[in-house]
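Below is one structure, written out as structure tokens, with a few remarks after it.
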Amino acid sequence: MYEIRIHGRGGQGAVLASAILAQAFVDEGKFAVAIPSFGFERRGAPVSACLRMDVREIRALTNIYCPDCVICVDPTLPRMVDIFAGIKPGGTLVQASGKSVAAIDHPADLATLGLCDAMGIALASFGRPITNSIMLGAFARTTGLVSLAALIGALEAAEFRDAGLEQNRRALARGYAETEVLALAPKFVSPKFVS
Amino acid sequence: MNNMSRIAVCDGNEAAAWGVKLSRPDVVAVYPITPQSSLVEYLSKFIADGELDAELMNVEGEHSVLSALQGACLAGARTYTATSGPGLAFMFEPYVRTPGLRLPMVASLVNRDMLSPQCVWGGQQDVMTVRDTGWIHMFCESAQEVLDTVIMAYRIAEHPEVMLPVNVNHDGNYLSYGVSRVEIPSQSVVDAFLGDKNVNWHAALDPDRPMAVDPLTGGADAEGAARFAAYRQSLCRGMQNALAVITDVHAEWECASGRAFAPLVEEYRLEDAEIALVTIGSMSGAAKDAVDAAREAGIAAGVIRIKTFRPFPVEALARAAGKVRALGVVDRAVSYGWNCGPVCQEVLGALYRTGRAIPVLSFIGGLAGADLTGEHFARAIEATRQALATPPEARTPAPVWLNAREEGMPR
């Protein structure tokens, strides 16, 4: 079982991203369950989505409290939300940020960091701060748990309110190509998902 | 026609919509309400895209939804709607009329907690409030079971020995919006399973054969009283007949689809179990995971999951409960009158038939969208085990509130 929590703001597509990633995992023969958090959803408010992936059927329909991986699709969110709550030692962070590695706060025992200037790419691609598809590319690049091809296939099954499929396909590929992956805290080995 | 099923990744609401589409209803009447809205949006889209040949009635409220469907059903149409919490409350008057009219409707209840305090999230207080109105109630654990049960519900509702409306319940939020892998059966498999549509053989509205439907009945004279009692008896018979029909239909669906679901009560790891948790709905997966963890720690626990709640599967439940020495019943609703969960009270009623007064604990959690996690179920397993060692006079009848503020926490 590999557990992912996606953090974002209402309107950035964090929940849709969790569904697209679930589709991509299933298309590659895995099982996946995505559960959106729910609150007073509105643009700009913090939202999150939980995603479990496994090689066998997943039964629990619950939120995730100890993720293996946190994907944060908004660069300013870590200032107001504890995105690392419960993250396992040796975990992975995939962060949307244009800052340098030194400027990214993270737990000392984080093993892997993927950094992508998703906001810059989003504004260039869509003219809007919608980072979800870009950060899926960043996740694939950082973890290698899903292929770029599967993500693009899953995109094609999704419906987008604010941008077209072709724009999202290009943005996703840019997210994949323009993510910097760093190995941190070498004494903690990232719990590679074993299939 | 294509016999192949296909794999989709979708949430429980979309899964329900696929089940409806494949069942080919003639009339769908809707009014949106959280967390049901996306379900009827999917159906609206199917109809707008020409993929489902049904009349969509977008009416002004839930009372009208069910009233319109009563007319459609009396005219011989296969019908569908879905609602949640307060929408169900607004639907109540036609809702209670539907079973007595013996109209074989299928409706999804996307379970939502009831007001007040104000809340828009999952909970089973809505369905538990209408548990004795004469509707059949089935509860689903997964999106796949939602899809499959909607299809099966038409066979059950329209069976000549049943002729009762069926509510297919799925939990708001965790199941309505939870996305997972779902197998969508082919149209030809569902067509063959449902057979010829014969919704309305008992009371067809036909201008050439006028008849009175739902005439004034009852009163103090013996004839009226006996006739009224006969209607009630007949409804009770339909309910009891449903137990065997639900079982048969699940067996036939397994042959058609290859997927097996326990029709009445699912027994999970009850072999040699000392205690069992009784669960209902989407909480059950996490409960099973907690039981697996307990088993690895040497604790002999199991799960009894209630699939069919109305009619209550008294014998199936008593048989399952007969295998253990204590029960912990987990409810996502409250019985204010009994100070416990409503499912717990039902289980106590069934246990009376066994003559075994084993310890039964009531756990209440998952209200208003609260999460019921493996940790909660682990606590329930431990408390139920401890009840075994507690003498009857020391057992507390009070429920355990799983998401309540712990003592010492700031208010």
Side-chain angles (χ1 to χ4, degrees), chain A residues 1 3-6 13-42 47-67 85-86 136 146 150-151 153-159 161, chain B residues 6-12 14 34-35 38 41-42 45 112 118-122 140-146 170-183 268 279 281-293 303 305 365-366 368-377:
Chain A
M1 181 90 79
E3 296 186 315
I4 302 161
R5 197 170 60 213
I6 304 178
V15 170
L16 181 57
S18 71
I20 292 169
L21 186 50
Q23 175 83 52
F25 281 140
V26 169
D27 289 345
E28 292 196 326
K30 308 238 176 38
F31 289 85
V33 171
I35 309 266
S37 74
F38 34 91
F40 297 99
E41 294 91 348
R42 59 203 183 277
V47 298
S48 66
C50 298
L51 180 64
R52 289 189 173 84
M53 181 267 280
D54 207 337
V55 290
R56 59 186 67 84
E57 193 167 4
I58 298 163
R59 296 183 298 203
L61 292 174
T62 64
N63 295 329
I64 287 171
Y65 300 93
C66 301
L136 287 176
V146 68
L151 280 174
L155 266 189
E156 286 162 6
E159 285 184 26
R161 283 188 205 149
Chain B
R6 65 181 188 83
I7 302 299
V9 177
C10 69
D11 67 18
E14 187 176 350
T34 298
S38 64
E41 287 166 9
Y42 288 119
K45 190 169 187 303
R112 168 173 162 176
Q118 183 67 249
C119 107
V120 296
W121 301 296
C140 303
E141 177 180 333
S142 64
Q144 182 73 63
E145 192 174 19
V146 170
H170 70 263
D171 285 305
N173 301 113
Y174 295 100
L175 193 43
S176 68
Y177 302 152
V179 168
S180 62
R181 178 187 184 279
V182 170
E183 195 173 323
Y268 181 75
T279 64
S282 66
M283 70 169 80
S284 306
K288 290 171 182 171
D289 286 353
V291 156
D292 286 359
V303 170
R305 174 173 76 100
D371 202 2
L372 278 175
T373 65
E375 213 170 296
H376 292 119
F377 292 110

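Just so we're on the same page: letters track the sequence lines, and every chain starts at 1.
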Checklist line | Contact winner vs chain A - B:A143, B:A8, B:A290, B:G369, heavy-atom pairs under 4.5 Å | finding: B:G369
Checklist line | Side-chain ion pair, B:R181 and A:D27, N-O less than 4.0 Å | finding: no
Notebook entry, point to check: Among B:T373, B:V179, B:D11, which has the most heavy-atom pairs under 4.5 Å with chain A?
Noted result: B:V179
Checklist line | Gap between atom CD of A:Q23 and atom SG of B:C10 - 0.5 Å precision | finding: 9.5 Å
Checklist line | Side chain, backbone, both or neither of A:Y65 within contact of chain B (heavy atoms, under 4.5 Å) | finding: side chain
Check: What residue in A:I35, A:N63, A:V26 has the most heavy-atom pairs under 4.5 Å with chain B?
Finding: A:N63
Checklist line | A:A22 versus chain B, the contacting section by heavy-atom distance below 4.5 Å | finding: both
Checklist line | More than 12 heavy atoms of other groups within 6.0 Å of B:R6 CZ | finding: yes
Next item on the list: Run through B:N173, B:D171, B:L175 and flag the one making a side chain to side chain contact (heavy atoms under 4.5 Å, CB included) with A:L61.
Entry: B:L175
Item checked: Max heavy-atom pair count under 4.5 Å with chain A, selected residue of B:G374, B:S284, B:G178, B:G366 -> B:G178
Margin query: Please report the interatomic distance OH(B:Y177) to OG(A:S37), rounded to the nearest 0.5 Å.
Written below: 12.0 Å
Next item on the list: For the pair B:D371 (side chain) and A:T62 (backbone), establish whether a donor and an acceptor sit closer than 3.5 Å, ignoring hydrogens and angles.
Entry: no
Next item on the list: Counting only heavy atoms closer than 4.5 Å, note whether B:I7 contacts chain A via side chain, backbone, both or neither.
Entry: side chain
Check: Is A:E57 atom CD crowded by more than 12 heavy atoms from other residues, nucleotides or ligands, each under 6.0 Å away?
Finding: no
